[in-house]
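Have a look at the structure below, then the notes.
From a predicted model like this one, the values you see are computed outputs, not experimental measurements. Letters A, B, ... mirror the listed sequences (proteins, then strands); counts begin at 1.
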Number of protein chains: 2
Amino acid sequence: MVTIYDIAAKANVSAMTVSRVINNTGKISDRTRAKVRKVMEELNYVPNHNARSLVLQQTRSIFLLITDIANPFYTTLARGAEDAARKNGYRLLFGNSDENLAKEADYVQTILTTRVDGVLVAPAGDPSLPHLEALKKHNVPFVLLDREVPGIECDIVLGDSKDGARRLVEHLIGEGHQRIALVNGSSSISSARLRLQGYQEALKLGGIEYRDDYLFEAGFGPSHDPRGIECWFEGLAEQPTAIMAGNNVLAMAIIRLLRERGLKVPDDLSVVCFDDLGPFAEIDPFLTVAAQQAYQFGYLGIQLLIDRIITREMASPWNKIVLPADLLIRRSVKRLTPAAD
Amino acid sequence: MVTIYDIAAKANVSAMTVSRVINNTGKISDRTRAKVRKVMEELNYVPNHNARSLVLQQTRSIFLLITDIANPFYTTLARGAEDAARKNGYRLLFGNSDENLAKEADYVQTILTTRVDGVLVAPAGDPSLPHLEALKKHNVPFVLLDREVPGIECDIVLGDSKDGARRLVEHLIGEGHQRIALVNGSSSISSARLRLQGYQEALKLGGIEYRDDYLFEAGFGPSHDPRGIECWFEGLAEQPTAIMAGNNVLAMAIIRLLRERGLKVPDDLSVVCFDDLGPFAEIDPFLTVAAQQAYQFGYLGIQLLIDRIITREMASPWNKIVLPADLLIRRSVKRLTPAAD
DNA sequence: TATGGTAAGGTTATCGGTAACATTCTTATG
DNA sequence: CATAAGAATGTTACCGATAACCTTACCATA
């Protein structure tokens with residue numbers, strides 16, 4: 001590999017002069033600058049990022065840790081983050097924890113050893129606490145995305161889960177549904193808890209009693225076993241007329257399950273969910289959803305993070321951005337006549 | 001930040017002894033090892049990856065550059081790569097070029113400066129040549145994915161585009177279609193060229209004449225303007241009975257376009273495409289596709305790459321893995337009676 | 001008792017950059 | 001023409017780790 005010393009030697013200057021040319025610092029005569037530039041071209045010089053960040057104590061890179069790379073919510077979020085990072089001259093590195101604490105722990109280790117300037121994290125859930133504490137302890141600025149973690153104070157970008165869920169359920173009630181089930185993510189995830197709250201609130205407002213057997217907790221992730229949902233569904237004494245899914249991945253599992261049982265949506269059962277399905281569900285915009293502004297999660301998250309990185313102010317009050325969800329009413333909910341129920 | 005020197009001082013040993021404990025090298029007494037370990041815990045030591053890779057001249061990390069993070073083909077590929085990398089003790093970094101040469105060039109720069117041990121690249125197309133040449137020149141081992149680039153010799157994992165395309169078209173012909181259009185990716189992408197060849201071959205075998213106006217070249221990427229397709233479709237003198245899309249993103253564009261015009265698939269027009277749609281099209285497995293083994297692309301790609309990294313053999317014959325595509329026949333093709341046409 | 005082999009650990013130089021300070025070269029000014 | 005004030009460049013030390021070599025101390029053996 002070519003180093004600044006090779007260039008310095010060939011250009012008959014000191015390494016420091018080369019460094020100055022590269023970074024446009026200090027005073028360099030045009031003649032020298034041109035000479036050094038020419039040698040750099042000839043030798044195909046590429047700066048060594050590791051050496052640079054070792055002495056500078058900063059890397060100009062940000063790590064984005066998401067929980068599911070197959071989920072369009074997170075890939076869209078990632079694009080937002082990437083755009084914002086590029087715009088600010090930061091390199092963005094991605095990691096994918098798969099909603100898995102062990103992988104998350106691994107990535108936190110990577111983050112610490114590579115000395116990135118900051119981190120954007122969608123945490124796996126409340127048990128991510130020690131991971132975030134580790135970041136805190138090592139003074140790595142970070143911004144949480146999508147999920148709060150009790151015990152951690154930091155900047156955060158959230159969706160309005162409670163409100164979105166409430167509006168979804170209110171829509172169902174408005175269409176005449178009374179027996180509404182919720183298949184949710186784990187209650188160790190803040191957004192799942194809020195969606196449950198929104199669900200319960202809407203039921204209450206609608207004068208519908210909350211039933212324990214209509215709540216099932218699965219995993220938000222791609223790798224959870226769908227048979228849990230099947231068992232729950234089979235075991236139901238009274239079939240609901242509508243199911244709300246806590247996120248898009250769960251909605252997929254539910255719809256597949258219903259199809260396998262020959263149940264048509266919405267004719268036999270209505271389905272709604274949180275999060276939109278991304279471009280690949282465009283074949284037939286069918287599912288009624290509470291769509292989140294995924295791109296903004298990433299974009300705004302990077303902005304909050306870069307603010308912290310630049311000011312190095314970890315004491316000033318924490319920012320909390322709450323983005324509303326859009327209710328997109330499509331065709332997965334059947335209108336029930338009062339008599340029909 | 002805590003360094004090995006801080007630990008050395010507190011444990012009353014030399015930095016070298018600390019290094020030996022960390023890496024399990026050399027001879028260290030159990031007493032010393034325990035003492036050093038204890039101090040490391042107390043001080044929350046985290047090794048500095050930059051310093052380490054500076055002296056070792058290797059980073060144990062691999063860069064994966066994909067062209068579309070929103071495309072399930074690539075995210076599935078990414079999971080395969082991630083799994084394979086983890087299994088081999090390599091860190092995996094992702095980049096997303098968005099089918100955009102400028103972004104790709106940028107990422108190549110990042111790759112060179114960060115001195116990763118190797119790269120997995122899905123190139124934007126033939127014009128990616130200089131980027132790959134840069135990797136070659138700097139002796140960075142790389143493996144191509146999904147697309148060949150004329151002028152570059154290297155290990156590569158490909159799908160059998162020609163065969164898959166031929167089978168898709170043969171299926172259409174078998175169902176009685178004669179007027180079959182192809183909306184393809186840019187001809188500067190090898191896989192698009194092969195898909196065109198497969199298309200033409202199937203037409204020939206079926207005794208159908210190739211028509212120039214039934215070929216439209218759009219972009220494989222997420223950011224291309226769908227109005228091009230609209231114009232082409234509007235301008236058609238004779239409407240085809242079936243359209244084959246060069247990949248899944250194009251299929252989405254076509255289906256949206258048809259829907260906007262009130263044309264039903266497959267009743268009014270049949271559609272097939274290359275690549276499956278991922279979990280989020282499970283709502284209704286509808287589109288007949290040539291599905292590629294996306295996960296394997298990533299998994300096998302990493303294996304080829306790590307072989308090169310370990311042997312440092314850049315001279316031995318290049319590996320070329322060609323993965324077949326599965327024809328998944330679903331419901332987006334209408335059977336035409338000979339009379340109907 | 002001399003010898004040497006090995007276990008355990010220390011010293012020094014180096015990876016490729018940059019900050020801080022030092023030095024040399026210009027140029028304008030009294 | 002001497003000289004001071006910058007402009008242009010060089011020197012040295014250091015960022016945090018590891019490789020290569022060196023030093024002890026101890027024990028077994030002839």
Handout entry: Nearest-neighbour nucleotide for the A:Thr3 side chain, D:dT18, D:dC15, C:dG16 considered
Key = C:dG16

Practice task
Send over the distance from B:His49 NE2 to C:dC15 C1', rounded to a whole Å.
Solution key: 14 Å

Practice task
Using whole Å, report how far NZ of A:Lys27 lies from P of D:dA5.
Solution key: 16 Å

Practice task
Using distance alone, with no hydrogens and no angle criterion, decide if B:Thr59 and B:Asp117 have a side-chain donor and acceptor under 3.5 Å apart.
Solution key: yes

Problem - Donor-acceptor pair (no angle test) under 3.5 Å: B:Arg115 side chain, C:dG16 base - result: no

Practice task
Among C:dA19, D:dG16, D:dT18, find the nucleotide with the atom closest to the side chain of A:Met16.
Solution key: C:dA19

Handout entry: A:Asp155 side-chain N/O to A:Asn319 backbone N/O, donor-acceptor pair under 3.5 Å
Key = yes

Practice task
May I ask you to say what B:Asn23 touches in the nucleic acid, namely base, sugar-phosphate or nothing, with a heavy-atom cut-off under 4.0 Å?
Solution key: sugar-phosphate

Exercise for the section: Looking only at side-chain atoms of B:Ser29, point me to the closest of C:dG17, C:dG9, D:dT9. Expected result: C:dG9

Exercise for the section: On the 0 to 90° scale, with breaks at 30° and 60°, tag the A:Tyr107-A:Phe63 ring pair as parallel, tilted or perpendicular. Expected result: tilted

Handout entry: Separation of atom CD1 in A:Ile22 from atom C1' in C:dG16, rounded to whole Å
Key = 10 Å

Problem - Spacing between A:Leu54 atom CG and D:dA13 atom P, to the nearest angstrom - result: 18 Å

Handout entry: Between B:Gln58 and B:Ser53: side-chain donor-acceptor atoms closer than 3.5 Å
Key = no

Practice task
Report yes if a side-chain nitrogen or oxygen of A:Ser14 is closer than 4.0 Å to either non-bridging phosphate oxygen (OP1 or OP2) of D:dG10; otherwise report no.
Solution key: yes

Practice task
Would you check if the side chain of A:Arg147 reaches a backbone N or O of A:Ser190 as a donor-acceptor pair within less than 3.5 Å?
Solution key: no

Completion exercise
From CG of B:Asp30 across to C1' of C:dA7 the rounded distance in Å is 12 Å

Problem - Phosphate OP1/OP2 of D:dA19 contacted by B:Gln57 side-chain N/O (<4.0 Å) - result: no

Exercise for the section: For B:Thr32, answer base if it contacts any base atom (sugar-phosphate contacts may also be present), sugar-phosphate if it contacts only those atoms, and nothing otherwise; contact means non-hydrogen atoms under 4.0 Å. Expected result: sugar-phosphate

Exercise for the section: Rounded to the nearest angstrom, tell me the gap between atom CG in B:Asn24 and atom P in C:dA8. Expected result: 14 Å

Handout entry: A:Arg52 CZ - C:dG17 P separation (whole Å)
Key = 9 Å

Problem - Residue met sooner reading DNA chain C from 5', once A:Pro47 and B:Ile28 are mapped to nucleotides - result: B:Ile28

Completion exercise
On DNA chain C, more 5' by nearest nucleotide between A:Asn48 and B:Arg20 is B:Arg20

Practice task
Would you tell me if any nitrogen or oxygen in the side chain of A:Thr17 comes within less than 4.0 Å of OP1 or OP2 on D:dT9?
Solution key: no

Exercise for the section: Would you mind reading off the distance between A:Gln58 atom CD and C:dT18 atom C1', rounded to a whole angstrom? Expected result: 12 Å

Handout entry: Donor on one side chain, acceptor on other, B:Tyr5 and B:Lys10, under 3.5 Å
Key = no

Practice task
For B:Leu56, answer base if it contacts any base atom (sugar-phosphate contacts may also be present), sugar-phosphate if it contacts only those atoms, and nothing otherwise; contact means non-hydrogen atoms under 4.0 Å.
Solution key: sugar-phosphate

Handout entry: Base of C:dG17 paired with side chain of A:Tyr5 (donor-acceptor, under 3.5 Å)
Key = yes

